[in-house]
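Below: one structure, written as structure tokens.
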Amino acid sequence: VTAVLALRILVQIPAAMEAAETTMSAGFGPGYAALRGDPASSRPAQPAPISARAVLFGLSLPPVHVSASVPMFTIAGQTLHADIYHAVSVTPPAAATASARASAQPIVLAIHGGSWRSGSRTEAETCHRALAASGFVVVAIDYRLAPQFQFPAQLEDVRAALAWVRAHAHEYGGDPNRIALLGRSAGAQLALLAAFENPAGVRCAVGFYSPVDFTIGYREPSDPDPLDARAVFRAFLGGTPDDHPDLYRAASPIEAAARAHLPTLLIYGGRDHLVELRFGLALAERLRLHGTPVALLGISWSEHAFDLIPHGLGGQLTLHHLRRFLHAQLLP
């Protein structure tokens, strides 16, 4: 039975790789397509999307430097920290020299999931290391958690973290004018909302299985509903859509799509029972309607948080296109 189930996924791989390539090139144009390994391109070619060796033995990554538990700021009595992944060893603040500024690398601000009530900045550490090895400075941040702190406290923390990153980027070899916002699940909702405000220095956004429409999410939860979505929304927003209709709209990325202009990559699992693919499709359609460059990768066999197994088939495929997307949007 296990072999049959595995075979059902394996036979989907060639079509999935072709569909992902088509979707990404259609969404982001020839600058993205050139990263397949065109010798005429000045940007680094990417490895194959999926490696059988990686599936069996894990990702092979070069060592990177990690500045762990860096304090960013204190708010409401809580000190929020960041873990910073970078390929080049730096000694803050001495690294903020003219030479360091000239060789500064793009930054990925990473926001963890956990239904806004749990989770840790150490989530997806292997992905962060892979991105750092690919030429990015990854800043994985804390934010205040529900139900003690309710929305928009979390979004305020992301804004403050972004300001901190812009102020301290050069200390870690980063470029404050080339930033991507990336989040997973609850963190994706925060990343998209912050990116759709078009803040200074931010060039693009990535959302893995983001909640999109809180009102519909509350009224039409998934079936089965393993986390009790309505209880999660009430803890995050302090009540129901009838209690706080304006707050539910303000927390919904789909309501902010009209002001979004930055290239946006959306990634969902086709078998996700926490945040269904239908929400990502609705957001992608709304973004296109308003002229925002967008692509949605739907991994048909995958559940929620599938990419946290980065050497898995879905994890490898999305990491491949994540790297290429970030290179296309952030490299000179």
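- No hydrogens or angles considered: a donor-acceptor pair under 3.5 Å links the side chains of T240 and D243.
- Residues V212 and R278 form no side-chain contact, since every pair of their non-hydrogen atoms from C-beta on lies 4.5 Å or further apart.
- Judged by distance alone, the side chain of R53 and the main-chain N or O of S60 form no donor-acceptor pair under 3.5 Å.
- Minimum interatomic distance between L192 and S210 (heavy atoms only, all atoms of both residues): CD1-OG, 3.6 Å.
- For H65 (side chain) and Y85 (main-chain N/O), no donor-acceptor pair under 3.5 Å exists by modelled atom type.
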- Query: Would F28 and T264 satisfy side-chain contact (heavy atoms from CB on, under 4.5 Å), going step by step from the backbone distance to the final call?
  - Reply: CA-CA 9 Å; F28 305 119; T264 301; 6.0 Å; no
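- Shortest non-hydrogen contact noted between V138 and A132 is CG2-N, 4.1 Å.
- S252 and F214 make their closest contact through OG-N, 2.9 Å (heavy atoms, listed as atom of the first residue, atom of the second, distance).
- Here the closest non-hydrogen pair linking A194 and P199 is O-CD, 3.3 Å.
- Side-chain contact check for D272 versus L277: every heavy-atom pair is 4.5 Å or farther apart.
- One finds the CG atom of L330 at 9.0 Å from the CG atom of D175 (value rounded to the nearest 0.5 Å).
- Here the side chains of F279 and P211 are not in contact, with every heavy-atom distance at 4.5 Å or above.
- Q316 and S51 are not linked by any side-chain donor-acceptor pair at a separation below 3.5 angstrom, with hydrogens and angles left out of the test.
- In the model, R121 has no side-chain atom that pairs as donor or acceptor with a side-chain atom of Y143 under 3.5 Å.
- H86 and Q105 are not linked by any side-chain donor-acceptor pair at a separation below 3.5 angstrom, with hydrogens and angles left out of the test.
- Proximity of H321 to L297: side-chain heavy atoms (C-beta onward) are separated by under 4.5 Å at one or more points.
- Side-chain atoms of F208 and L266, non-hydrogen and from C-beta on, never get closer than 4.5 Å to each other.
- A side-chain N or O of W116 and one of Q189 form a donor-acceptor pair less than 3.5 Å apart.
- A donor-acceptor pair is defined here as one N or O able to donate and one able to accept, closer than 3.5 Å; such a pair exists between the side chain of E123 and the backbone of G113.
- One N or O on the side chain of T318 and one on the backbone of G315 form a donor-acceptor pair closer than 3.5 Å.
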- Item | Verdict with reasoning, T74 to Q78, per side-chain contact (heavy atoms from CB on, under 4.5 Å) | CA-CA 5 Å; T74 299; Q78 289 195 10; 5.8 Å; no
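- Taking the six-membered ring wherever Trp is involved, the centroid distance between the rings of Y268 and Y209 does not fall below 6.0 Å.
- Atom-to-atom distance recorded for L265:CG and F325:CZ is 5.5 Å, nearest 0.5 angstrom.
- W164 and V202 fall within the same hydrophobic cluster, defined by Ile, Leu, Val, Met, Phe, Trp and Tyr side-chain heavy atoms under 4.5 Å apart, directly or through other members.
- M72 and L145 fall within the same hydrophobic cluster, where Ile, Leu, Val, Met, Phe, Trp and Tyr residues are linked whenever their side-chain heavy atoms come under 4.5 Å apart, directly or through other members.
- Judged by distance alone, the side chains of H327 and Y32 never bring a donor and an acceptor atom under 3.5 Å apart.
- Considering only heavy atoms from C-beta on, L193 comes within 4.5 Å of F151 through its side chain.
- Salt bridge R286/E255: absent, no basic N to carboxylate O contact under 4.0 Å.
- In terms of modelled atom types and a separation under 3.5 Å, the side chain of D83 and the main chain of S69 share a donor-acceptor contact.
- Other residues, nucleotides and ligands contribute at most 12 non-hydrogen atoms within 6.0 Å of the CD atom of E285.
- In this structure, R230 is positioned above the aromatic face of Y218, its NZ or CZ under 6.0 Å from the six-membered ring centre and within 45° of the axis.
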- Message: Test side-chain contact (heavy atoms from CB on, under 4.5 Å) on R184 and D307; report intermediate values, then the result.
- Response: CA-CA 10 Å; R184 291 174 168 82; D307 62 302; 2.5 Å; yes
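- Taking CD1 from I141 and CG from L190, the interatomic distance works out to 8.0 Å, rounded to the nearest 0.5 Å.
- Using modelled atom types, no side-chain atom of E303 and backbone atom of L274 make a donor-acceptor pair closer than 3.5 Å.
- Using a 3.5 Å distance cut-off with no hydrogens or angles, the side chains of E171 and H168 do pair a donor with an acceptor.
- Cluster annotation: L322 is connected to V294 through the hydrophobic network of ILVMFWY side chains, with a link wherever side-chain heavy atoms come within less than 4.5 Å.
- A salt bridge links E21 to R324: one of the charged nitrogens lies within less than 4.0 Å of a carboxylate oxygen.
- Within the 3.5 Å criterion, the main-chain N or O of T79 finds a donor-acceptor partner in the side chain of H81.
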- Query: What do the steps show when you test R219 against D242 for salt bridge (Lys or Arg N to Asp or Glu O under 4.0 Å), and what is the final call?
  - Reply: CA-CA 11 Å; R219 301 197 190 284; D242 294 326; 3.1 Å; yes
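- Contact annotation: the side chain of S302 never approaches that of R271 to less than 4.5 Å [non-hydrogen atoms, C-beta and beyond].
- Stacking of R259 on the aromatic ring of F196 is not recorded, the 6.0 Å distance cut-off and the 45° axial limit not both being met.
- If you take CZ on F73 and CG on D157, they are separated by 5.0 Å, rounding to the nearest 0.5 Å.
- Residues L80 and I179 fall within the same hydrophobic cluster, defined by Ile, Leu, Val, Met, Phe, Trp and Tyr side chains chained together at heavy-atom separations under 4.5 Å.
- For CD1 of I309, the number of neighbouring non-hydrogen atoms (other residues, nucleotides, ligands) closer than 6.0 Å is 12 at most.
- Under a hydrophobic-cluster definition in which Ile, Leu, Val, Met, Phe, Trp and Tyr are linked whenever side-chain heavy atoms come within less than 4.5 Å, directly or via other members, L262 and I107 are assigned to the same cluster.
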- Query: Does the pair I111 and L182 meet the rule for a side-chain contact (heavy atoms from CB on, under 4.5 Å), with working shown?
  - Reply: CA-CA 6 Å; I111 309 170; L182 179 153; over 6 Å; no
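- Here the CZ-CD distance, from R8 to Q12, works out to 7.5 Å after rounding to the nearest 0.5 Å.
- Remark: E197 CD to L181 CG distance equals 10.0 Å, nearest 0.5 Å.
- Scanning all heavy atoms of the two residues, the minimum distance from L59 to P310 falls at CD1-CB, 3.8 Å.
- Within the 4.5 Å cutoff, side-chain heavy atoms of R323 are placed close to those of L131.
- A pairwise comparison of heavy atoms in S120 and H112 identifies O-CB, 3.1 Å as the closest pair.
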- Run the side chain to side chain donor-acceptor pair (under 3.5 Å) check on T292 and H261 step by step: do they pass? CA-CA 5 Å; T292 298; H261 303 294; 5.2 Å; no
